[in-house]
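Just so you know, these numbers use all the heavy atoms, side chains as well, and skip hydrogens, waters and symmetry mates.
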Amino acid sequence: MNNVEQRLTIEDYHAVLDNIDDGIFVIDTNGIILEANKAVEKNGGKKIEELIGRNIDALVDEGYCTEFVSKRVILSGKEEVLVQRTKDNRELLVTGVPYYENGKFKMVIACERDVTELSKTKEKLLKVKDLNEKYEKEIEHLRQVNGTPAGIISVSKNMKQTVDMARKVSKLDATVLIQGESGTGKEVLANLICKESPRADKPFIKVNCGAIPGNLLESEMFGYVEGAFTGARKQGKSGYFGMANGGTIFLDEIDSIPFNLQVKLLRVIQEREMMPVGSDTPVKLDIRIIAATNKDLKEMVNKGEFRQDLYYRIGVVSINIPPLRERKEDIVQLVRSFVDNFNKKHGTDKRIDSRAKKRFMSYSWPGNVRELENMIESLIVISDGDVITERDVSAYISKELKDPSEESFEITGSIDEMVRDYEAGLLRKLYSECRNTGELAERLNTTRSTINRKLAKYGIRDEE
C-alpha cells in the first residue's frame, strides 16, 4: 500500500475555486481582498487582477457594488447575508462568514450566488398564484349565480328562487322552516343554509324526529342528568341540542314531535335554553334551528295537532321546495349528475339515450328527486349494455307504483275521500308484499313511524 500523503498544490486549489459557479472572495479584517475566483468577474465586471489587493470601501466608492457583505462581517464578527444588485440589474445573494484562527478573527470568506432567474421564477409563481386566486373567485361567483351548490340542481325558475332564498337567509341567524314533499331535498337545502352561514365551522346536528320512538324523544333531544331514570347513563347525556350548542340543529319531520314536547321545543326557541330530563337547572344554548316537514303544519294547527305558537316561531322564514313535477327543467340535469355519480361509484360507463330521457320527462315522480336518484342507480346497476334505453326506464317504472298521471279515475266522492281510499288501498297492497314496516317505509320514501301511524289510522294491522 502506498502511504505517501498526497496534498493539493496552490494551483490545484485555484483550479477548484475557478470551477465553482458562485463567486468567492477572501478578505482580511482590514477590508483588503486577498483572493477571488473566476466567477466574480462575470458578476462585478472586473478582472481578478483588478480586485486582489484592493480595499472594499474604495471599490464601493467607485461604484463596483452598493455594499460588500464582508464589511458587515468585519463590524459584527458573525455571519451576514444581503441581496445585491449589479450594474446590469442582476440580483446576487451574498453570504459572508468570519474565519477565526486560535480564537482570533483572521479573515472573511464571502460567497455570491446569482439568483436573478430564481427571483424571476418566484415573481412568475406569485403572478400565477394571484391569477389562480382570481379565477377561483370568479368560478365561485359563477357557482353562486348559476351553479349547483351542495348537490342542488337549480335550472328551473322556481328552484332558482328557492336556492336564492336559502342563500339569503343563510347569512342571518333566524329560525328556518323548510317545507316540501318527501324526497324533494329538504336536508340538502338545510346543508346549503348551514354551509353558507356564519356557523359553518360549528357543529351541525341532524335529527329525524319521526325516527325516534316517542318515549325516548325527550331524553334524546334535550338530554338528561345522572339518575334521571332507570337505565340512564351514569354521566348523563347532553342530547341533540347540547351536541349542537354553538352551531346548527336540523329537525327533520318536526311534525312528528308529540304535542306535550312541543312546548319544551318552544322554550328552546324563545329562551335559547333547555331543561334536561331530571334537572332543575336550565342549560343555556347558542344555537340556530332549521326545521323541515312534508306536512301542512297550518292544517295541523287547525286540527289541534300542532301548537300555533310553535308554528309561528319555527316559521319565521319559510322556504317551500317545489316537487319535481313542477320543476321538470331540472330533470335532465339531475339525470346527468346522478349518472356521473353512480358511474364513478360502481365503476361503469353507462349513458342514457334521448328517448329514455323523454320518458323521464313524462313521468310524474311522486317520490321526487329521491325516487329519481334511486331509479338511476338501479338502472346503472341492473341494465344490460352501456346504453340505458326507454325500454329499461319503462320496465322499471312499471314495477314501481303505477303513475297516477297515467290512470283514468272514476269520481267516487270528494277529493279527500278519494285520496284517503287510494292511500288505504296502496298501504294495504304493499303491506301484504313487504316483510316489515321498515321495507314498506323505504318503498314509499317515508319513515317507519309515518307508516305505523297510517297503518293504525286505516286499521290495516287489525285486518290480519
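- Salt-bridge annotation for K206 and E187: present, with a side-chain N of the basic residue lying under 4.0 Å from a carboxylate O of the acidic one.
- Nearest heavy atom pair, residue D57 against residue N55, reads N-OD1, 2.8 Å.
- Listed for the K186 side chain is no donor-acceptor partner under 3.5 Å among the backbone atoms of A291.
- Side-chain contact between S378 and V381 is absent, with no heavy-atom pair separated by less than 4.5 Å.
- The main-chain N or O of G223 is never found under 3.5 Å from a side-chain atom of K237 such that the two would form a donor-acceptor pair.
- Electrostatic pairing of E41 and K46 does not count as a salt bridge here, judged by no charged N lying under 4.0 Å from a carboxylate O.
- Side-chain contact between I269 and L310: present, with at least one pair of heavy atoms (C-beta onward) separated by less than 4.5 Å.
- A salt bridge links R325 with E181: the distance from a Lys NZ or Arg NE/NH1/NH2 to an Asp or Glu carboxylate oxygen falls below 4.0 Å.
- Residues A356 and I388 approach most closely at CB-O, 3.7 Å, considering heavy atoms.
- Salt-bridge check for D18 with K38: failed, with every basic side-chain N at 4.0 Å or more from each acidic carboxylate O.
- Here the closest heavy-atom approach between residue A36 and residue I48 is recorded as O-CD1, 3.9 Å.
- The residues R359 and E390 are annotated as not salt-bridged, no charged nitrogen and carboxylate oxygen being separated by less than 4.0 angstrom.
- Looking only at distances, no side-chain donor or acceptor of E377 sits under 3.5 Å from a matching main-chain atom of N374.
- When all heavy atoms of P322 and T162 are compared, the closest pair comes out as CD-OG1, 3.5 Å.
- Of the charged side-chain nitrogens involved, none lies within less than 4.0 Å of a carboxylate oxygen, so that K71 and E80 do not count as a salt-bridged pair.
- Side chain of K171 to main chain of E196: a donor-acceptor pair is present (N/O by atom type, distance under 3.5 Å, no hydrogens or angles).
- In this structure, a donor-acceptor pair under 3.5 Å is absent between the side chains of D392 and S383.
- When all heavy atoms are compared, the tightest approach of I290 to I178 is CG2-CD1, 3.8 Å.
- Counting non-hydrogen atoms of neighbouring residues, nucleotides and ligands closer than 6.0 angstrom, the CG atom of D61 exceeds 12 such neighbours.
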Practice item. Start with the C-alpha distance between E271 and K284, add both sets of side-chain angles, then the distance that settles salt bridge (Lys or Arg N to Asp or Glu O under 4.0 Å), and finish with yes or no. Key: CA-CA 8 Å; E271 308 297 334; K284 288 293 182 182; over 6 Å; no
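- Looking only at distances, a side-chain donor or acceptor of S76 sits under 3.5 Å from a matching main-chain atom of R72.
- The backbone N or O of N30 sits less than 3.5 Å from a side-chain atom of D28, completing a donor-acceptor pair.
- Distance alone, capped at 3.5 Å, places no donor-acceptor pair between the S154 side chain and the K160 backbone.
- Under the 3.5 Å distance criterion, the side-chain polar atoms of N368 are matched with a main-chain donor or acceptor of S182.
- At distances below 3.5 Å, not a single donor-acceptor pair connects side-chain atoms of S337 with backbone N or O atoms of L334.
- The aromatic rings of Y64 and F68 sit parallel to each other, their planes meeting at less than 30°, with 60° as the upper class boundary.
- Under the 6.0 Å cut-off for aromatic ring centres, F306 and Y311 do not qualify, their centroids lying 6.0 Å or more apart.
- Between K157 and E329 there is no salt bridge, since no side-chain N of the basic residue sits under 4.0 Å from a carboxylate O of the acidic one.
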Check your understanding: What do the steps show when you test E62 against R54 for salt bridge (Lys or Arg N to Asp or Glu O under 4.0 Å), and what is the final call?
Key -> CA-CA 12 Å; E62 292 175 11; R54 297 290 307 278; 2.4 Å; yes
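- Electrostatic pairing of R199 and D286 counts as a salt bridge here, judged by a charged N lying under 4.0 Å from a carboxylate O.
- Donor-acceptor pairing under 3.5 Å is lacking for the side chains of D353 and T389.
- Put simply, the side chain of L177 reaches to within 4.5 Å of the side chain of L297, judged on heavy atoms.
- Closest of all the heavy-atom pairs between A244 and P203 is CA-CB, 4.2 Å.
- Counted by atom type alone, E79 and T95 present zero donor-acceptor pairs between their side chains at under 3.5 Å.
- Under the 3.5 Å distance criterion, the side-chain polar atoms of N37 are matched with a main-chain donor or acceptor of I24.
- Contact of the T248 side chain with the I287 side chain is not registered, since no non-hydrogen atoms from C-beta on lie closer than 4.5 Å.
- Under 4.0 Å is where a charged nitrogen must lie from a carboxylate oxygen, and between D386 and K350 no such pair does.
- Contact annotation: the side chain of N208 never approaches that of I212 to less than 4.5 Å [non-hydrogen atoms, C-beta and beyond].
- Note: F250 and F204 have tilted aromatic rings, judged against thresholds of 30 and 60 degrees for the angle between ring planes.
- Using a 4.0 Å cut-off between charged side-chain N and carboxylate O, R307 and D309 make a salt bridge.
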